[in-house]
Amino acid sequence: MLSLNFIRENVQEVIDRLAIKNFNGGEIIGRIVDLDNQRRETQKKLDDMQSQSNILAREIGVLFQSGKASEANTLKQKTAELKDSAKTLDLQFEEIKKELDDILVRVPNLPHHTVPPGKTPEDNLVVMQEGEALPAAATAVPHWDLTTQYDIIDFITGNKITGAGFPVYKGKGARLQRALINFFLEEALKAGYTEVQPPYMVNAASAYATGQLPDKDAQMYHVGLDDLYLIPTAEVPVTNIYRDTILKSQDLPVKNVAYSACFRREAGSYGKDVRGLNRLHQFDKVEIVQISHPDTSYEILEEMRNYVTGLLRKLELPFRVLKLCGGDMSFTSALTYDMEVWSSAQARWLEVSSVSNFETFQSNRLKLRFKDETGKMQTAHTLNGSALALPRIVAALLENNQTPEGIIIPKVLVPYTGFEVIN
RNA sequence: GGAGAGAUGGCAGAGCGGUCGAUUGCGGCGGUCUUGAAAACCGUUGACCUGCAAGGGUCCGGGGGUUCGAAUCCCUCUCUCUCCGCCA
């Protein structure tokens, strides 16, 4: 969430920048400032009352100890009155605070000043492209047919066991998954990331801290009996490692990498976008997370972007990088790059990674801070990105590398798969 | 799942109704000494809200209650530990 102080001091700027995300903030920001003023006023009064009753309580204590009971009892009467009015005021205070908190968490992050305006994915900016988006050969087969042909991913059986969007990977399909996960983890280690294995379920406080709640409630699987959420991405548990934490400046940047399964309800998705591996309810992903000094977070964002494109290059996949427009960005992000690979048989780009800088938006909720060089407390910046999500990488590999002899595995993966071709 | 014990500052650990945001030790920071370091000694050392400041307020796992006054008493939730049961 945005910090109250920042909103108070930059009302017009906040409204203007929210407009780039197509968020009409005029009314809501006004309400926030108004509520915050009420909050301060009420707290001041409350503090004064509290101060008075603290003084009285101390006096009463002294009187009792020196045996002046009757004088003490007179003072007691006074505190009773104070207590009554404090109680009323306290209720008001709680109400104000609750409304303020509720509104505040529904305001999205401000976009970085370089974010292009726009409403739909068509307005995203293509910042680079490598490799050619070749049209499909007449004989090209989409991956959902290849997976059946080579018997490596079984959607039908997954359907029986669980439901749509929960495929079963078999034989070389399963081994390819494992190879990709290991390849991505090993590459991240080489780049200086520390590997972590997080829980796959999180409590509401964690989901709230990274911004999945209350905004994306319906996208997560919820285990009602224990009130836990299945993680939609390792970002949630990994970032929450640092909830309620004060780091030292020499700890920064924190670089973590985690493999996890990811679970998404994908409510509202339909059509050919969800065919085959394009959109699953359970999928595998290796996620990189960094916590940085505010001064360097945008350099780090570029570093992460270059890291991810490096992976795609090694996998020999044609890809492009998009800078997302205001309308296509997530609630929590200040700047996001999407990486897309070309899927030849579907003749479309598939998003395989999203790298974002959240600035202090998550940190404010996480209460993630660090002591800077001078010993002053500062709010850290958080960043994360997929490196990479598996299903669409697999889809692209299958479609782009299909030959009459089978699917050719990229050279860099062979040490991990133990085979060179799926046939 | 059953029985018991506990949750206090970065860590360890006192306090069990009044002057306690909290004794003490360790750790951290600053200093003296030293060529430097160690040791020793001295000093210092939490977060948050509010205020220009002085100051005021809140926080002893979370929430509620009793009381003029609660870290201390009561209720409740969560978590941790020990024992038993079950189990990868």
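Reminder, nothing fancy here: chain letters follow the sequence lines and each chain counts from 1. Fair warning: this is a prediction, and the values are worked out from it, not measured in the lab.
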Which whole number of Å gives the distance between the C1' atom of G6(B) and that of C77(B)? 16 Å

Pairwise P distance, U23(B) and A37(B) [rounded to whole Å]: 31 Å

Can you sort out the partners of Phe263(A) under ring pair (Phe, Tyr, Trp, His ring centres under 6.0 Å), two or more places apart, ordered by chain and number? none

If you measure from the Lys or Arg side-chain nitrogens to the Asp or Glu carboxylate oxygens, is any gap between Lys97(A) and Asp101(A) under 4.0 Å? no

With heavy atoms under 4.0 Å as the rule, sort Asn54(A) into base, sugar-phosphate or nothing. sugar-phosphate

Whole-Å C1' distance, U72(B) and C52(B): 39 Å

Inspect the contact between Asp48(A) and Lys44(A) and indicate whether a charged nitrogen and a carboxylate oxygen are less than 4.0 angstrom apart. yes

Between residues 89-96 of chain A and RNA chain B, which residues have a heavy-atom gap below 4.0 Å? none

Have a look at Gln50(A) and say if it touches a base, only the backbone sugar-phosphate, or nothing, with a 4.0 Å heavy-atom cut-off. sugar-phosphate

Quote, to the nearest angstrom, the P distance that separates U8(B) from G63(B). 16 Å

With rounding to the closest Å, how many angstrom separate the P atoms on G69(B) and G15(B)? 26 Å

For Tyr416(A), what residues pass the ring pair (Phe, Tyr, Trp, His ring centres under 6.0 Å) criterion, not counting sequence neighbours? Phe183(A)

Both Asp36(A) and Val62(A) contact RNA chain B. Taking the nearest nucleotide for each, which residue is further toward the 5' end? Val62(A)

For Phe283(A), ring pair (Phe, Tyr, Trp, His ring centres under 6.0 Å) partners two or more places apart: none

Is the CD atom of Gln250(A) crowded by more than 12 outside heavy atoms at less than 6.0 Å? yes

In chain order, what residues pass the side-chain hydrogen bond (donor to acceptor under 3.5 Å, both in side chains) check against Asp36(A), with sequence neighbours excluded? Arg8(A), Arg39(A), Arg40(A)

For A70(B) versus G64(B), give the span between their C1' atoms, rounded off to a whole number of Å. 14 Å

Partner residues of Phe361(A) under the ring pair (Phe, Tyr, Trp, His ring centres under 6.0 Å) criterion, sequence neighbours left out: Phe331(A)

Ion pair present between Asp34(A) and Arg31(A), side-chain N to carboxylate O less than 4.0 angstrom? yes

With sugar-phosphate meaning primed atoms plus P, OP1 and OP2, does Arg40(A) contact a base, only sugar-phosphate, or nothing at under 4.0 Å between heavy atoms? sugar-phosphate

Set of residues satisfying side-chain hydrogen bond (donor to acceptor under 3.5 Å, both in side chains) with respect to Thr332(A), sequence neighbours excluded: Ser330(A)

Please convert RNA chain B into dot-bracket. A pair counts if it is Watson-Crick or G-U wobble with both distances under 3.5 Å; crossing pairs go in [ ] and bases paired with another strand get |. ((((((((.[[[..)..(.....]]]((((((.......))))))(((((....))))).[[[[[..)....]]]]])))))))....

Taking atom CG of Asn24(A) as the centre, report whether more than 12 heavy atoms of other residues, nucleotides or ligands fall under 6.0 Å from it. no

Along RNA chain B, first and last positions that approach a heavy atom of chain A under 4.0 Å: G18(B) to G69(B)

Spacing of the C1' atoms in U58(B) and A71(B) (rounded, Å): 14 Å

Would you list the pairs meeting salt bridge (Lys or Arg N to Asp or Glu O under 4.0 Å) in which at least one residue belongs to residues 189-209 of chain A, sequence neighbours left out? Glu187(A)-Lys190(A)

Atom pairs and distances, donor-acceptor, side-chain atoms in residues 288-300 of chain A, under 3.5 Å, two or more places apart:
residue   : atom : partner   : partner atom : Å
Gln290(A) : NE2  : Tyr193(A) : OH           : 3.0
Gln290(A) : NE2  : Glu303(A) : OE2          : 3.2
His293(A) : ND1  : Asp295(A) : N            : 3.1
Thr296(A) : OG1  : His293(A) : O            : 3.2
Ser297(A) : OG   : Asn357(A) : ND2          : 2.9
Ser297(A) : OG   : His381(A) : ND1          : 2.8
Tyr298(A) : OH   : Glu359(A) : OE2          : 2.4

Select base, sugar-phosphate, or nothing to describe what Leu75(A) touches, counting heavy atoms under 4.0 Å on all strands. nothing

So does Glu420(A) have more than 12 non-hydrogen atoms from other groups sitting under 6.0 Å from CD? no

Say you pick atom C1' in U45(B) and the same atom in C11(B); how far apart are they, in whole Å? 14 Å

Ranking Ser53(A) and Lys44(A) by the position along RNA chain B of their nearest nucleotide, the one closer to 5' is Lys44(A)

Going by heavy atoms closer than 4.0 Å, what residues in residues 237-256 of chain A are next to RNA chain B? none

